[in-house]
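Each remark here refers to the structure printed beneath this line.
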Amino acid sequence: MRFSKFGLTTLRDTPAEAEIISHKLMLRAGLIRRLAAGLFTWMPLGLRVLRRVEKIVCEEMDRAGALELIMPAVQPAELWKETGRWDKYGNLLLRMRDRHDRDFCFGPTHEEVITDIARRELRSYKQLPINFYQVQTKFRDEIRPRFGVMRAREFIMKDAYSFDLDQSGLEQSYQAMHAAYTAIFERLGLKFRVVDADSGEIGGNRSQEFMVLADSGEDAIAWCDEDGYASNVETAATVPEDGKRAAAKVNLEKIETPKTKTVETLTELLEIGPDKILKTLIVEGKKGPVALVIRGDHELNAIKACKMPNVTEPLTMANPETIQEIIGCTPGYVGPIGLDIPVYYDHATKCMSDFVCGANEFEKHYIGVNFGRDIKTPTTVDLRNVKDGDPTPSGSGTLKIARGIEVGHIFQLGQSYSEAMRATVQDKDGNDATLFMGCYGIGVTRIVGAAIEQNHDERGIIWPESIAPFKVVLIPINMHQSETVREVATTLYSELKAAGLDVLLDDRDARPGVKFADAELIGIPHRLVISERGIKVGQLEYRHRRDEEAKMIAYDKALQIITPS
RNA sequence: CGGGGCGUGGCGCAGCCCGGUAGCGCGCCUGCUUUGGGAGCAGGAAGUCGGAGGUUCGAAUCCUCUCGCCCCGACCA
């Protein structure tokens with residue numbers, strides 16, 4: 001491709017709309033342009049990357065025996081009503097009506113459609129196992145689209161659905177997808193981890209996420225190299241403390257604590273650590289508010305909290321008016337002593353002694369609180385997020401915390417959809433057997449953003465070779481003045497193309513600095529500079545995007561340095 | 001949805017408080033010079049000041065409403 005024919009405009013200034021680095025670079029490098037919130041056009045340069053990602057994904061899916069198809073993006077409401085998700089999915093579902101006033105939605109996912117296909121097409125266990133996949137545009141009306149293509153409303157997803165006769169078949173299909181996904185992310189050249197995950201909205205049993213490691217990631221993951229444990233922090237279990245509680249040393253006392261409604265201000269006022277404070281959070285419950293009690297230095301885990309009986313899903317903090325009404329104080333001064341609502345204690349509170357908690361009175365706290373003496377010794381549950389240094393569930397290792405971008409998610413759905421939609425086949429004995437389903441997603445567009453988050457420097461993008469829009473960029477110096485440079489550059493361009501490489505020839509009548517800056521911004525892995533002074537000695541200048549320095553190479557070495565054997 | 005902020009040539013911004021000729025940098029077009037790290041000079045094109053209504057002799061500026069976008073909190077590929 002000749003740069004002058006490629007219609008690429010790069011931006012020197014970052015548009016104000018972008019926050020994270022990948023979004024900024026994608027706009028500046030001309031990969032995408034925004035149309036509306038969460039809607040993007042993939043420009044020619046960006047599309048090249050997207051296609052490379054898709055190709056790798058499809059190749060590995062095919063290799064794993066999955067069958068590609070394409071389902072409609074628009075789906076009738078009836079299917080969604082069959083599974084109950086027409087109501088459950090909420091505002092994330094973009095609904096629409098056709099001219100006959102029939103309800104439809106723009107598909108955010110395709111379990112219903114594929115299950116409909118399965119119940120029509122699959123009749124015998126002999127057709128199993130089978131796995132269908134598609135690469136398709138989805139729409140989820142996100143509450144807050146942000147970070148460019150990382151959380152767009154319209155996005156491209158590869159979704160696959162497996163059907164098996166029984167659980168053990170499902171497990172095999174699931175493992176096959178696990179292996180395929182691992183191969184995909186390795187080929188993409190990304191640093192990633194597979195973690196245990198919450199199955200969330202889609203439902204089902206086992207589920208794992210493929211996380212690209214990046215500081216800007218929206219998810220926190222906990223892992224341990226010693227015992228191989230890895231989980232999304234959302235689902236990482238804490239280990240109940242077995243340590244003994246220290247004996248009470250001081251008496252219970254109610255003290256004035258003006259303007260200390262946070263753990264932080266309380267630690268300053270009392271000059272104690274946050275681990276000596278009991279934090280009591282009031283959330284909405286099915287039969288009135290519920291109290292969740294954790295240590296002051298810990299964070300509540302919403303998913304775990306929702307699993308408590310009575311607690312409403314999604315987790316909603318009680319509003320201050322409710323707290324005032326039920327407890328008689330404002331948030332920040334709530335404590336478990338004398339509290340007349342259901343209370344759940346986190347495991348870590350069990351070993352606390354001589355601690356501080358709210359007194360259920362405005363600007364008052366108790367100090368010197370002890371279980372057994374001042375409050376009943378609680379039974380404890382898992383309520384908090386794990387943190388760096390916590391023991392792993394096996395007890396043999398220590399957790400580390402990192403941030404990740406969820407680019408893939410695999411689920412064992414089991415029979416929930418097939419039961420709701422009566423998707424069965426006949427088994428060996430001629431009986432109807434409800435299918436076991438798995439579903440497997442990859443955020444194709446998101447991968448492009450994630451790859452940039454993980455591979456960039458102050459000058460721009462540094463594409464992994466496997467997804468770079470061009471393998472090599474040719475920069476002729478003063479091509480428009482020098483006949484020699486022009487000839488060498490065009491010849492080299494033809495030769496590299498003939499060798500099957502994707503090559504970008506920067507034939508613009510621009511100063512070298514402009515060309516260098518653009519080549520670095522758009523992140524082409526290999527750069528060759530053609531100049532008069534190099535030609536005189538039969539050499540080219542070569543530099544990899546990751547190299548510090550350029551080096552001179554013989555003209556005929558160009559091809560082999562770019563495609564190492 | 002709640003809270004905060006922003007809408008002024010393609011991009012980044014100033015001007016608004018205190019109403020009176022719409023401005024700067026980058027980019028774009030033409031010409032000349034220049035040519036190994038985002039060139040110089042000269043000339044030029046391009047803006048319903050997000051939209052509607054109002055106040056006023058006069059509104060980018062003040063008031064009301066509205067739309068859009070971004071950021072912070074509960075979802076997910």
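These numbers come from the heavy atoms of this one structure, side chains and all, not from hydrogens, waters or symmetry mates. Proteins get letters first, then strands, A, B, ... in listed order; numbering begins at 1 in each.
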Could you measure between the two [atom1] atoms, the one in [N] and the one in [M], and give it in whole Å?
N	M	atom1	value
B:C67	B:C49	C1'	16 Å
B:C24	B:G44	P	13 Å
B:A52	B:A14	C1'	27 Å
B:G12	B:U48	C1'	22 Å
B:C26	B:C70	P	29 Å
B:U61	B:A74	C1'	39 Å

- Find out whether A:Leu213 and A:Gln454 are in side-chain contact, i.e. whether some heavy atom of one side chain is under 4.5 Å from a heavy atom of the other. yes
- Query: Should we count CD of A:Glu264 as having more than 12 external heavy atoms under 6.0 Å?
  - Reply: no
- Query: If you check every side-chain atom of A:Asn478, which of B:G73, B:G36, B:C70 has the closest atom?
  - Reply: B:G36
- Item | Per A:Asp219 side chain, nearest of listed nucleotides B:C70, B:G36, B:C76 | B:C76
- Flag the pair A:Asp457 and A:Arg545 as a salt bridge only when some basic side-chain nitrogen lies within less than 4.0 angstrom of an acidic carboxylate oxygen. yes
I need the [atom1]-[atom2] distance between [X] and [N], as an integer number of Å.
X	N	atom1	atom2	result
A:Ile477	B:A39	CD1	C1'	14 Å
A:Ile143	B:G2	CD1	C1'	12 Å
A:Glu218	B:C75	CD	C1'	9 Å
A:Asn91	B:G2	CG	P	13 Å
A:Arg144	B:A74	CZ	P	10 Å

- Item | With A:Arg508 via salt bridge (charged side-chain N to carboxylate O under 4.0 Å, His left out) - residues at least two apart | A:Asp506, A:Asp518
- Residues touching RNA chain B, which here means a heavy atom under 4.0 Å, drawn from residues 506-530 of chain A: A:Arg511, A:Pro512, A:Gly513, A:Val514, A:Phe516, A:Ala517, A:Asp518, A:Glu520, A:Arg527, A:Val529
- For the student: nearest non-hydrogen atoms of A:Ala73 and A:His110, plus distance: CA-NE2, 4.3 Å
- Under 6.0 Å between the ring centres of A:Phe6 and A:Phe470? yes
Name the pairs: protein N/O against N/O of nucleotides 45-49 of chain B, kept only if under 3.5 Å.
none

- Item | Ring geometry between A:His178 and A:Tyr174 (parallel below 30°, tilted from 30 to 60°, perpendicular above 60°) | tilted
- Can a donor-acceptor pair be found between the side chains of A:Glu234 and A:Asn301 at a distance below 3.5 Å? no
- Item | Check: B:C13 base within 3.5 Å donor-acceptor of A:Asp13 side chain | no
- Would you say the base of B:G27 and the side-chain of A:Arg28 have a donor-acceptor pair closer than 3.5 Å? no
